[in-house]
Number of protein chains: 2
Amino acid sequence: MTVSRALRNPDKVSQKTLTKIRAVVERLGYIPDPAASALAAGKTNVIGVIVPSVTNNVFSDVMRGIYEEAEGSKWQIQLGNSRYSPLEEENLVRTFLSQKPAGLILSGLDQSEVTANLLRSADCRILQIMECGPDPYDMMIGFSHVEASMAATRHLLEAGYRRPGYIAARLDPRSQRRLLGFQKTAEEAGVFDANRIVTTPRPSTVTLGCELVADLLSKAPDSDAILCNNDDLALGALFECQRRGLRIPEEFGICGFNDLEMMAAANPSITSVRTFRLDMGREAMRWMSNALTGIEPDKPAIDLGYQIIARKSTARGAGR
Amino acid sequence: MTVSRALRNPDKVSQKTLTKIRAVVERLGYIPDPAASALAAGKTNVIGVIVPSVTNNVFSDVMRGIYEEAEGSKWQIQLGNSRYSPLEEENLVRTFLSQKPAGLILSGLDQSEVTANLLRSADCRILQIMECGPDPYDMMIGFSHVEASMAATRHLLEAGYRRPGYIAARLDPRSQRRLLGFQKTAEEAGVFDANRIVTTPRPSTVTLGCELVADLLSKAPDSDAILCNNDDLALGALFECQRRGLRIPEEFGICGFNDLEMMAAANPSITSVRTFRLDMGREAMRWMSNALTGIEPDKPAIDLGYQIIARKSTARGAGR
DNA sequence: TTGACAAATGTTAGCGCTATCATTTTGATT
DNA sequence: AATCAAAATGATAGCGCTAACATTTGTCAA
């Protein structure tokens, strides 16, 4: 028992015994059995993380933030991939909860009714990431996708583009909200045209960006800009426009979403909406870890915001 | 006891009892406690996966393959990120082994001596991925990085380039072997020049590709091609060359490594060495799962090979 | 020196499963 | 109906740890 204490609450054990125990632990190479610990204590140090994709850049940045912050702490990350399916998410939540996790981090606001009930009655902390919205189960950290895409659309309008289109691949709930933001702002400015919305259920790639912009230009050849649902598409759009000899930004403006590192390197550099993915992961993990140590946040939700990074691809007229 | 059997070995229980048990399980929403199971059985259904990076496209593709194949099976994936550090890898192996995993999947051939000993005496299956080499601990699946980069270098030479350079970011062991392959082939052809090797310890980005090619062109302005250690760098190189008005492929050839999807979409499209990352992940998981079910592979290692995908960025002279 | 209290350490039971072996049931065969 | 092996089910103990409480040791003031 004293050994158990020495390993988990060193301050409850005298310095003398502590040294002795540590020496023996070292000599024997003793490592506690987490299964036995979980069984006896009725809880684990596992923090479950459920994301819709492990490939998507966006989530891999968030994951990296989470892992970075978890590194060296006692918390073990358990990753689950819901592949954008609410049903798979439900199963994952069920599996994860059976492991008596200390906490659960999951994406977005759009859980199935069953999942929502599981979460509400769950005996662990819940943290929603990626989005901000009303009624968190527990804690929430993200930003407003609608507002971000509204700002991006305004940016295109302010740059002088008058016939903007929108391209998007696989429409998860967040993508839909971004599309909504575009539509709203375009309508308010009286420049909305449904023909300039091109979407597909296929997953997003650079090649798909080429195809979608080609589609757009055949359906609405007079389009003079696009807001892309993400940066892969934006890069594809750039390549396709270049192949067609469209001058960017003079004849055609391009704006991406997320501001991946490559947007600054592109030629011309591509305007994008910066989102704070790494920070979101780090902050999520830090927050969770605090909550589990008894340090409650003063508010249940954090909005990390966004930032329009204007670059050459929308610098119409201007020299830069 | 019969319930335990019904859930793990349904064929050892009569049809009648099985139906009865399943009905009750369903009604109660019973889910077995994995911790108790692990403690009693002395083993788990966890397969530990240790990769050097969770962000890098290469590993995220492999991870996706692994997850896809694990989906729906009884195997639980536990991911660890060694961040390219042999020491962190050692700690992760230790932590993972304390969980009594069914198997361990890890990257490459270059473990520390301590790690190697841990693995050799480990009571679980071991699978090395990403590379092929001698003396697997247990099983191995990957390809030869040296041969792949030799083939890429030959491709550049056959396309008529005579002063090829090499750029690389963070030199993990696999990158080093690729550099070695380049050097060897270039030397054999009598075109090797150490001034045309530009490397940096910084992690790879598209922007870094721009910088490295700029470096190369200032150190050895007469270079007429580069082999890039990966596709991020290749894309950056393309952008930088375009900014400098270098005509690709006529004046300068570019070859990447991995053949990320965007290489085909680029303008001009970029030659790259295709590697089978998704298949590697899938095959790894399938192989591991077979081995754990008693189906032994007939050979301890699989070489998945590579493929030179020749595109416009090295099509000197030719129309395409 | 004594008592009072806190700090440190120890005792006991049990977390929810599964390995092992014992027992009962089933079904085929004489 | 009796016999026997195989199939199915059951009883028991214990995996390695921790919660809860009990006991011992140490510290300080009166």
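Residue numbers begin at 1 in each chain, while the letters A, B, ... track the order of the sequences.
Looking at B:Ser14 and B:Thr17, their side chains do bring a donor and an acceptor atom within 3.5 Å of each other. There is no side-chain donor-acceptor pair under 3.5 Å between B:Ser98 and B:Arg94. Side-chain atoms of B:Ser112 and B:Glu90 include a donor-acceptor pair closer than 3.5 Å.
Taking atom CG of residue B:Leu7 and atom P of nucleotide C:dT18, one finds them 8 Å apart after rounding to whole Å. Between the NZ atom of B:Lys16 and the C1' atom of D:dT9 there is a distance of 11 Å, rounded to whole Å. Taking atom CG on B:Asp11 and atom C1' on D:dA6, their separation rounds to 15 Å, with Å as the unit. Here the C1' atom of nucleotide C:dG10 and the NZ atom of A:Lys12 are 16 Å apart, to the nearest Å. Regarding B:Asn45, its CG atom lies at a distance of 14 Å from the P atom of C:dC17, rounded to whole Å.
B:Arg177 and B:Glu131 are joined by a salt bridge, as a carboxylate oxygen and a charged side-chain nitrogen come within less than 4.0 angstrom of each other.
Every side-chain contact (heavy atoms from CB on, under 4.5 Å) that A:Asn56 has, sequence neighbours left out, goes to A:Ser53, A:Val58, A:Phe59, A:Tyr84.
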Next item on the list: Decide yes or no on side-chain contact (heavy atoms from CB on, under 4.5 Å) for B:Val54 and B:Met63, but give the supporting numbers first.
Entry: CA-CA 9 Å; B:Val54 284; B:Met63 287 309 308; over 6 Å; no
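Considering A:Ile105, A:Leu92, A:Leu127, A:Asn81 as possible partners of A:Val49, the one that fulfils the side-chain contact (heavy atoms from CB on, under 4.5 Å) test is A:Ile105.
B:Asp232 contributes no side-chain N or O that, together with a main-chain N or O of B:Thr205, makes up a donor-acceptor pair within less than 3.5 Å. The closest donor-acceptor contact from the side chain of A:Thr293 to the backbone of A:Ser289 lies under 3.5 Å.
Listed pair A:Thr17 / C:dA8 fails the phosphate criterion, with no side-chain N or O lying under 4.0 Å from OP1 or OP2. Regarding contacts with the backbone of D:dG10, a side-chain N or O of B:Thr2 is found under 4.0 angstrom from either OP1 or OP2. Between B:Ser14 and the phosphate of D:dA7, there is no side-chain N or O to OP1/OP2 separation shorter than 4.0 Å.
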All N/O contacts under 3.5 Å from nucleotides 22-24 of chain D to the protein, with atom names and distances to one decimal?
none

Notebook entry, point to check: Can you give one letter per nucleotide of nucleotides 12-19 of chain D, going 5' to 3': B for a protein heavy atom under 4.0 Å from the base, S for sugar-phosphate only, - for none?
Noted result: --BBBBSB
